[in-house]
K.L.:
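Got a structure for you, written out below as C-alpha cells; questions coming shortly.
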Amino acid sequence: MLLRMSTLFVRTLREDPAEAEVPSHKLLVRAGFIRRAAPGGYTFLPLGVLVREKIATIVREEMAAIGAQEVSFPSLLPREPYEATHRWTEYGNDIFRLKDRRNADYLLGPTHEELFTLLVKDLYSSYKDFPVILYQVGTKFRDEARPRAGLLRGREFVMKDSYSFDLSDDGLRASYAAHRDAYVKIFDRLGLKYTVVSAMAGAMGGSASEEFLAHAAAGEDTFVGCTACDYAANVEAVTTPAPPATDPSSRPALEVHDTPDTPTIESLVDLANARRLGNRDDWTAADTLKNVVLKITTPGSTEPEVLIVGVPGNREVDMKRLEASLAPAVPSMFEAEDFAKNPDLVRGYIGPQGSDDRASLSKLGFRYVVDPRVVTGTAWLTGANIPGKHATNVVVGRDFVPDGTIEAAEVRAGDACPACTGGTLTTRRGIEVGHIFQLGRRYADAFGLDALGPDSKPIRITMGSYGIGVTRLIATIAEQYADERGLVWPEAVAPAAVHVIAAGKGAQVDAALQIASELSARGVSVLVDDRPGVSAGVKFTDAELLGMPKAVVVGRRLADGFVEVRTRATGESVDVPVADIVAHLT
Ligand code: ATP
Ligand code: MG
C-alpha cells in the first residue's frame, strides 16, 4: 500500500479542537484521523479507516482462531424481541427509538443478544449442532448520558460482539475461557497495557464476568488491585468486607444534642469535639452516619421512589457504584422541591431512627439502605430529624433496622481487600476495551431456545456474550501511545509502517517516490510526503503528529548516497545507504 500526502484526504491542525478534553481526542482530530459529525458521532477519514480496519482484522483473526463465525445483523431492529426480554423498557433513555411509516416501533441496536438468540433458534435444533460461537463487527447505537472524549464514548460506535451457545454449564465455561484467551491475544497484539478485572461482585459468582481495562488516566473506570493477592476488580464490583456484628443492647442509650448550624459532616464533627458530645473529643467523620437522599426511577414507571443511603460520614457516595448497584433503576438528586414535598425529611439533620413522637425512616415508608460497614451493634452520630439537632449512640438493631445493604460508598486506596486477609487495595484508572460475560439461560429462556438431546428431550441452551470496543480501541491506543509531538502508533495498527519524507525538491522527491514504491512492492505499507511547496520543517512536524513507526528522510545527504531512518517511539536516528534502505526496512 502506498499513500501520497500530496493527494491524501487529510488536513493536519496546529491547534487543539476546542471541544476536546483528552489527549487522544485532540491528537486524532489534529492529525486528521477523525472529524466530529454529531454529538458522539465521528466521521473517519482515510487514516482513521485504516487504523479501524487493522484493529478489526486482528479481532477477526483471533475470533476465527477460536472457531467463531462472522455474521452481520442490521442496526435497525424491531421492538418485539426486546419486549420479550424486557429490555425495551429496561434500557430506558439509553437507546434510540424510532417509528416507521406504519407507526411500528423500532430501535437502533445497542447490543444484539436477542437477535443472535433468535437466529440460532431459527436454524439449529439438535444437540449435534452445538456448541456454536457467532459474532459480528458492527455499528452500535446508545444514547449515552455523557458522550465524551471523542471515540472513547460515542453514541454511535463500532463493537465486535460475539455470543456463545452451549448445551451445558461446562460448555459455557469453556467458551468463556476461549474468549478470555482470545482477548488476551488481541490486546497483546495491539500492544496495550491492561488489566483483566472482575466486573461482578464476588457474591454473584466469581469470574462470571470480567472486563479488560486499558491503563489510562483519561479512563472513566476505576479499578482496584491488592497489595497481597491477585484480586483485581472494577470498583463497581468491589464488595465491602463487613465487620462482625455485636450485641446492640450493650450500648449506652441514645442521646439527642443541640447542634445548631451543622448541616455538613465537617461542621458537625467540629462542634461535637468542641462541646465534648457524649464526653468525647475524639470524634471523626468516620463516627458519623451520613444519610444521602436520592430519587430512583425504575424504567417503565413514572413515579420516582425515594431511597435514602446511609454511609459512614468519611466516605462519599460514588455515583458509578450506586448506579451499578441499582441498575436498571436510575438514581437522581433529591432537590429542594423534593424536600418541600417530604416534610418528614429534615434536610441536613436526617437520622434513620424513630423517637417518641416520630417513626423511623423505614416505618415512614422510605426505603433506607446502608453501607455494609453499618452492621448490627454499631453506634453512630447522626441527625435527630429535628432542625439543629443530632443524636449520639444511634445503634443499628436497636434504634433502627435498615431495609438492606448497598455497595455505594467510594472505594479508596488502602481499604481492606475483600479477597484475602491483610492485603489492602490500590486504585487505578482504566478504559474498558472488552467485556466477557457468562449470561446463562436468561435469553434462551425468553425465546425458548432448546436443542433436542440424544434422548429426544429438550436441552435449554446456555449463552455467553463478549464485546470489544473497536472504535474505542483506536482512542485507547492513542492514549497509551502518544507524546507531546503527536501520535506514536504501534506497528500492528499504524496506517502505514513507514513515512517517507522528501525533504527537498527534484532529486529528493524522485528518490522518495522511488523508495516508497520499492517498499510498497515488498509489502511494506508506506505513506510518502511528496507535497510540493511544503517545507521540510512542516513535513517533519506532520510526520511526528501522524505517528508512523518509522520515517525515512530523503534530504541533503542524498547527494552522498544516504537517507536517514528515524524511529518515532524512541527518537533514534541512523543514516542508511540508499542502496540498503529497502533491505533495512524489510
Ligand atoms: P461502559 O461501562 O464503558 O459504558 P458497557 O459496560 O456499557 O461500557 P458493554 O455493553 O459491555 O459496555 O459493551 C462492550 C464494549 O463496547 C465495551 O467493553 C466498550 O469497549 C465498548 N463500548 C461500550 N459503550 C461504548 C461507547 N459508548 N462508545 C464506544 N465504545 C463503547
Ligand atoms: Mg455503557
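When a ligand or atom number is given, it counts from 1 through the structure's own listing order.
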K.L.:
Check whether the ring centres of Tyr183 and Phe212 lie less than 6.0 Å apart, and answer yes or no.
P.N.:
yes
K.L.:
Arg472 versus ligand 1: do any nitrogen or oxygen atoms come within less than 3.5 Å of each other?
P.N.:
yes
K.L.:
Evaluate Gly469 for polar contact with ligand 1, using N/O atom pairs at a separation under 3.5 Å.
P.N.:
yes
K.L.:
So, are Arg412 and Asp318 salt-bridged, with charged N and O less than 4.0 Å apart?
P.N.:
no
K.L.:
May I ask you to say whether Arg60 pairs ionically with Glu70, meaning some side-chain N is under 4.0 Å from a carboxylate O?
P.N.:
yes
K.L.:
At under 4.0 Å between heavy atoms, which part of Met159 makes contact with ligand 1: side chain, backbone, both or neither?
P.N.:
side chain
K.L.:
So that I know where these two stand, are Tyr135 and His179 an aromatic pair - ring centroids less than 6.0 Å apart?
P.N.:
no
K.L.:
Determine whether the aromatic ring centres of residues His112 and Tyr82 are separated by less than 6.0 angstrom.
P.N.:
no
K.L.:
Can an N or O of Gly154 be found at a distance shorter than 3.5 Å from an N or O of ligand 1?
P.N.:
yes
K.L.:
Is there any N or O on Thr471 that sits under 3.5 Å from an N or O of ligand 1?
P.N.:
no
K.L.:
Quick one: does any side-chain atom of Arg146 pair with a main-chain N or O of Arg153 as donor and acceptor, under 3.5 Å?
P.N.:
no
K.L.:
Report, in ascending order of atom number, the atoms of ligand 1 lying under 4.0 Å from any heavy atom of Glu144.
P.N.:
24 (N), 26 (C), 27 (N)
K.L.:
Counting only heavy atoms not in Asp100, do more than 12 fall under 6.0 Å of its CG?
P.N.:
yes
K.L.:
For atom 1 (P) of ligand 1, which candidate among Lys320, Arg153, His435, Glu220 holds the nearest heavy atom?
P.N.:
Arg153
K.L.:
Suppose I only count heavy atoms of Leu152 and a 4.0 Å limit; which atoms of ligand 1 are within that range?
P.N.:
28 (N), 29 (C)
K.L.:
So if I count the atoms of ligand 1 from 1 in the order they appear, which ones are less than 4.0 Å from some heavy atom of Gly434?
P.N.:
18 (O)
K.L.:
I want to confirm something. Looking only at heavy atoms, which of Glu211, Arg142, Arg148 is nearest to atom 9 (P) of ligand 1?
P.N.:
Arg142
